[in-house]
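Positions are given from 1, in the same order as the sequence printed here. Not measured: the values here are computed from a predicted model.
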Amino acid sequence: MQTENIGRPKRARQYSINMEIIRTVKGLKEAASQARTAGKSIGLVPTMGALHAGHKSLVDRARKENDVVVVSVFVNPTQFNNADDLKTYPRTEEADCRLLEEAGVDYAFVPTAEEIYPEPDTRVFDLGPVAEVMEGAMRPGHFNGVAQIVSKLFAWAQPTRAYFGEKDFQQIAVIRRMAELEGFNDLTIVSCPIVRETDGLALSSRNVRLDAVSRAIAPNIHRILVDSLALKEQGLEAAEVQQRTVEAINTVDGLEAEYYQIVDARTMQPIAKWSEAGKLGAAGCVTVFCGGVRLIDNIKY
């Protein structure tokens with residue numbers, strides 16, 4: 001498995017906007033096989049739908065770097081450890097497919113849960129320490145569910161590159177670990193920058209659940225993360241920056257930090273001093289409840 005987080009030169013190419021919607025695993029396998037046989041590169045963008053400009057940025061990059069683009073639209077039940085969260089997760093298939101066709105996607109894979117899981121997926125992945133902290137600790141079984149669905153998509157779509165947004169910073173590390181375990185050695189995992197609203201709020205499918213009051217409050221999350229960069233510049237160590245950031249979030253009426261953890265950007269392991277971070281540096285990862293909606297964000301130090 002390879003990793004990549006830098007842009008490639010644009011390639012001029014013409015493509016049809018006549019996107020094909022595939023609803024079966026057999027259909028996805030056939031489309032991928034035909035592309036591979038023809039010597040074409042495949043870019044895969046796994047999504048859970050409710051698409052927004054952040055997803056489109058992934059699609060646009062995949063479009064520039066590959067001959068064929070496949071986007072999956074599937075709300076994966078195995079990665080939800082909260083039944084209510086699964087039930088309320090937004091589903092906007094018609095709007096999603098319209099966005100994808102306009103973006104020049106070749107294939108939209110839009111299956112049912114029964115198509116993906118004709119039988120229960122009982123696989124348990126040895127994801128190691130990257131999956132044991134933060135989201136892994138707060139949402140037991142979540143990352144194993146992510147590994148289940150993404151490993152299936154990798155096997156079926158045979159991508160040359162797969163694209164993931166850095167808002168789910170820890171998830172990218174987990175997917176890289178899964179790819180190593182499953183032997184996807186020729187696949188490049190491409191991490192793409194967070195896309196934000198003009199007021200700084202990270203784009204998320206969950207943002208539509210924010211009421212007007214909560215939506216006005218939510219940008220404070222990113223503002224406080226940016227402020228934490230100045231604390232580091234003032235000479236504070238990671239542990240103190242972490243503590244002050246949590247305090248700052250919790251002083252905002254309507255926000256409640258579930259956790260804020262400063263970690264090594266590769267291993268996802270907590271650090272107390274900046275010197276403990278490896279060559280990729282440190283990242284601060286946060287989960288905040290805003291009006292009852294659970295939002296995540298992160299920043300690099």
Looking at [X] and [Y], would you say the former's side chain and the latter's main chain have a donor-acceptor pair under 3.5 Å?
| X | Y | value |
| --- | --- | --- |
| Glu258 | Met138 | no |
| Ser204 | Arg206 | yes |
| Glu276 | Ala272 | yes |
| Thr37 | Ser33 | yes |
| Glu30 | Leu28 | no |
| His142 | Gln79 | yes |
| Ser41 | Thr160 | no |
| Ser228 | Leu225 | yes |
| His222 | Pro219 | no |

Query - CA sep, side-chain torsions, deciding dist, call: Leu255, Phe289, side-chain contact (heavy atoms from CB on, under 4.5 Å) - result: CA-CA 6 Å; Leu255 296 183; Phe289 286 99; over 6 Å; no

Would you mind checking if [Y] and [X] are paired as a salt bridge, meaning a charged N to carboxylate O distance below 4.0 Å?
| X | Y | value |
| --- | --- | --- |
| Arg223 | Asp227 | yes |
| Lys279 | Asp264 | no |
| Arg36 | Asp67 | no |

Hydrogens and angles aside, do [X] and [Y] bring a side-chain donor and acceptor to less than 3.5 Å of each other?
| X | Y | result |
| --- | --- | --- |
| Glu135 | Gln171 | no |
| Tyr117 | Asn76 | yes |
| Glu65 | Tyr163 | yes |
| Glu115 | Thr24 | no |
| Tyr259 | Thr287 | yes |
| Glu182 | Ser151 | no |
| Arg161 | Asn66 | yes |

Query raised in the report: Using the benzene-type ring in the case of Trp, are the ring centres of Phe125 and Phe143 under 6.0 Å apart?
Result: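 For Phe125 and Phe143, the ring centres are not under 6.0 Å apart.
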
Are [Y] and [X] connected into the same hydrophobic cluster when the rule is that any two of I, L, V, M, F, W, Y join if their side-chain heavy atoms are below 4.5 Å apart?
| X | Y | result |
| --- | --- | --- |
| Ile22 | Val25 | yes |
| Val208 | Ile296 | no |
| Met48 | Leu153 | no |
| Leu86 | Val146 | no |
| Ile224 | Leu295 | yes |

Can you find a heavy atom in the side chain of [X] that is under 4.5 Å from one in the side chain of [Y]?
| X | Y | result |
| --- | --- | --- |
| Val45 | Val70 | no |
| Gln148 | Met178 | no |
| Leu44 | Phe154 | yes |

Report task. Please check if atom CZ in Arg196 has more than 12 non-hydrogen atoms from other residues, nucleotides or ligands closer than 6.0 Å. Result -> yes

Query raised in the report: Counting only heavy atoms not in Lys232, do more than 12 fall under 6.0 Å of its NZ?
Result: yes

Query raised in the report: Could you walk me through whether Arg139 and Asn82 pass the side-chain contact (heavy atoms from CB on, under 4.5 Å) check?
Result: CA-CA 8 Å; Arg139 303 177 65 187; Asn82 183 316; over 6 Å; no

Requested in this report: Check the pair Arg63, Asp106 against salt bridge (charged side-chain N to carboxylate O under 4.0 Å, His left out), reporting the backbone distance first and the verdict last.
Outcome: CA-CA 9 Å; Arg63 180 75 279 163; Asp106 297 287; 2.9 Å; yes

Requested in this report: Walk me through it: do Val69 and Tyr107 pass the test side-chain contact (heavy atoms from CB on, under 4.5 Å)?
Outcome: CA-CA 6 Å; Val69 175; Tyr107 300 105; over 6 Å; no

Query raised in the report: Hey, what's the ring geometry for Tyr89 with Phe80, parallel, tilted or perpendicular (30° and 60° as the breaks)?
Result: perpendicular

Query raised in the report: Got a sec, which pairs hit ring-ring contact (aromatic ring centres under 6.0 Å, His included) with one end in residues 261-288, sequence neighbours left out?
Result: Trp274-Tyr301

Query raised in the report: With sequence neighbours left out, what residues match Ser214 under side chain to side chain contact (heavy atoms under 4.5 Å, CB included)?
Result: Leu210, Asp211, Cys290

Requested in this report: Might you work through the side-chain contact (heavy atoms from CB on, under 4.5 Å) test for Ile116 and Trp156, ending with a clear yes or no?
Outcome: CA-CA 11 Å; Ile116 298 296; Trp156 298 335; 3.5 Å; yes

